[in-house]
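Structure record follows, encoded as structure tokens.
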Amino acid sequence: MSDQWLPPTPPSAPGYDPPKTKRDSESWLKRRLGPIALAAFAIFKWGKIAILFVTKAKFFVTGFSMVISIGAYTLFWGLPFAVGIVALLLIHESGHAIQMKREGMDVGGMAFVPFLGAVVWAKELEDDALAEARVGLAGPLLGSLAAAAALIPYAMNGDEFWLAIAYFGFFINLFNLIPVTPFDGGRAMAAISPWMWFVGLGLMAAYLVWRPNPFVILFLVLGALDVYRRWKHRKEGGVEARAYYEVSKRNRALVGLVYVGLILALVAGMNATHLDPDTLG
């Protein structure tokens, strides 16, 4: 028979759904609202302590943001390459932190932002534009050495993974030399010639027209806002603000030599480590 009769489901059988009572509704509310009320009480009682811990614990902020960034990069390029990216960013930012300490600055901490890089901040500003340039260029210098170091295991085993890591390292350090604040190149321009900030903005705008990209739009907006703020302060900040940018010709030349040398070396590094997609398996 295609239509068979089934006996009523006994109360003890699986799937039995007894009629709802007022007491059952109250139990449901307690189960659902109880955890919410407990969480709200915990936030009220210990929330300030937790926030204080997060803001004060440099290691927690750095470690947590590193894990988040690795997870984000893993979604696109896999775990090994994601770890390599974050390691390169860590070394780059460590270059800034080391030079900050050499300048007598109090380093506040480091944080990683997926697809935007990383940042290390200081609780004290640099004494002058020359010190700012030294701090700015220290990141690409150490970061470039880290990228070049990836060629050592490549030379030992021929694994193109290390070639890709080196290429990416050269690229991110070259990208950071864009002559616009708050990029490292913009910090170098503070000592060479602040007028170069506008050249950098023009180059970014031209690239955006050539190859539209949401990240370039974001960087262009942030750069324009920062350049406007700094230029206005330079013009209206009085003698002290103008003195900040007073750098001797000798030091300007040295900063310019390091800046241009880094660009040439990184371009050469990218050219040497570029992998043709058609040859990849």
Side-chain angles (χ1 to χ4, degrees), residues 66 69-70 72-99 112-120 133-180 183-189 192 196 199-200 203-204 206-208 210-213 215-216 219 253-281:
M66 284 180 66
S69 292
I70 289 174
Y73 296 134
T74 298
L75 295 176
F76 291 87
W77 300 297
L79 181 59
F81 197 75
V83 173
I85 291 174
V86 173
L88 288 172
L89 292 173
L90 175 63
I91 296 172
H92 175 104
E93 296 302 325
S94 296
H96 293 311
I98 292 170
Q99 186 60 35
F112 294 80
V113 183
F115 308 108
L116 293 179
V119 61
V120 59
R134 287 194 295 259
V135 170
L137 293 176
L141 274 170
L142 192 59
S144 299
L145 292 176
L151 296 176
I152 297 175
Y154 170 71
M156 295 174 62
N157 56 31
D159 188 349
E160 290 184 341
F161 167 81
W162 295 107
L163 206 62
I165 287 291
Y167 179 88
F168 183 83
F170 292 138
F171 168 75
I172 60 174
N173 285 284
L174 180 63
F175 184 82
N176 265 282
L177 291 176
I178 295 175
V180 176
F183 290 106
D184 299 333
R187 296 190 177 280
M189 291 305 109
I192 299 174
M196 289 297 295
V199 175
L203 292 174
M204 290 184 68
Y207 183 85
L208 182 62
W210 179 43
R211 290 191 175 181
N213 185 290
F215 288 106
V216 177
F219 293 143
L254 289 175
V255 172
L257 183 63
V258 173
Y259 179 77
V260 174
L262 267 174
I263 290 178
L264 294 176
L266 290 169
V267 169
M270 289 182 63
N271 183 66
T273 55
H274 180 264
L275 293 171
D276 188 349
D278 295 334
T279 65
L280 299 177

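Note that this is a predicted model, so its numbers are computed, not measured.
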Check step by step if side chain to side chain contact (heavy atoms under 4.5 Å, CB included) holds for I152 and W162.
CA-CA 8 Å; I152 297 175; W162 295 107; over 6 Å; no
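Nearest heavy-atom pair across A138 and G95 is CB-O, 3.3 Å. For Y73 against G117, the heavy-atom pair with the smallest separation is OH-N, 4.2 Å. A188 and A133 get closest at one heavy-atom pair: CA-CB, 3.9 Å. For V120 against A97, the heavy-atom pair with the smallest separation is CG2-CB, 4.2 Å. The minimum heavy-atom distance between F219 and M204, with the atom names listed, is CB-CE, 3.4 Å. Between A118 and F112, the shortest heavy-atom distance links the atoms CB-CD2, 3.5 Å.
For residues 84-98, the set of pairs meeting the salt bridge (charged side-chain N to carboxylate O under 4.0 Å, His left out) definition, not counting sequence neighbours, is empty. For residues 77-87, there are no salt bridge (charged side-chain N to carboxylate O under 4.0 Å, His left out) pairs, not counting sequence neighbours.
No side-chain heavy atom of L174 sits under 4.5 Å from any side-chain heavy atom of L262. Here the side chains of P153 and D159 are not in contact, with every heavy-atom distance at 4.5 Å or above. At least one side-chain heavy atom of T273 sits less than 4.5 Å from a side-chain heavy atom of L151.
The six-membered or imidazole ring of F215 lies away from that of F175, with a centre-to-centre distance of 6.0 Å or more.
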For residues 80-92, please give each side-chain donor-acceptor pair under 3.5 Å, one per line with the distance, not counting sequence neighbours.
| residue | atom | partner | partner atom | Å |
| --- | --- | --- | --- | --- |
| H92 | ND1 | G139 | O | 3.4 |
| H92 | ND1 | N173 | OD1 | 2.7 |
| H92 | NE2 | H96 | NE2 | 3.2 |
| H92 | NE2 | D184 | OD2 | 2.9 |

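The distance from the CZ atom of R134 to the CG atom of L137 is 10.5 Å, given to the nearest 0.5 Å. In this structure, OH on Y207 lies 6.5 Å from CG on N213, to the nearest 0.5 angstrom. I192 contributes atom CD1, which lies 10.5 Å from atom CG of L254 (distance to the nearest 0.5 angstrom). Here the straight-line distance linking atom CD1 of I178 with atom CE of M196 works out to 12.0 Å at 0.5 Å rounding. Taken to the nearest 0.5 Å, the OH atom of Y167 stands 12.5 Å off from the CD1 atom of I172. A distance of 12.5 Å separates CG in L208 from CH2 in W210, rounded to the nearest 0.5 Å.
Under the rule for a side chain to side chain contact (heavy atoms under 4.5 Å, CB included), the partners of A72 that lie at least two apart in sequence or sit in another chain are P114, F115. Under the side chain to side chain contact (heavy atoms under 4.5 Å, CB included) criterion, A265 pairs with no residue, sequence neighbours left out. Here Q99 pairs with E103 under the side chain to side chain donor-acceptor pair (under 3.5 Å) rule; sequence neighbours left out.
Side chain of Y154 to backbone of A164: no donor-acceptor contact under 3.5 angstrom is found.
Relative ring orientation between F171 and F168 is described as tilted, the plane-to-plane angle lying within the 30° to 60° band.
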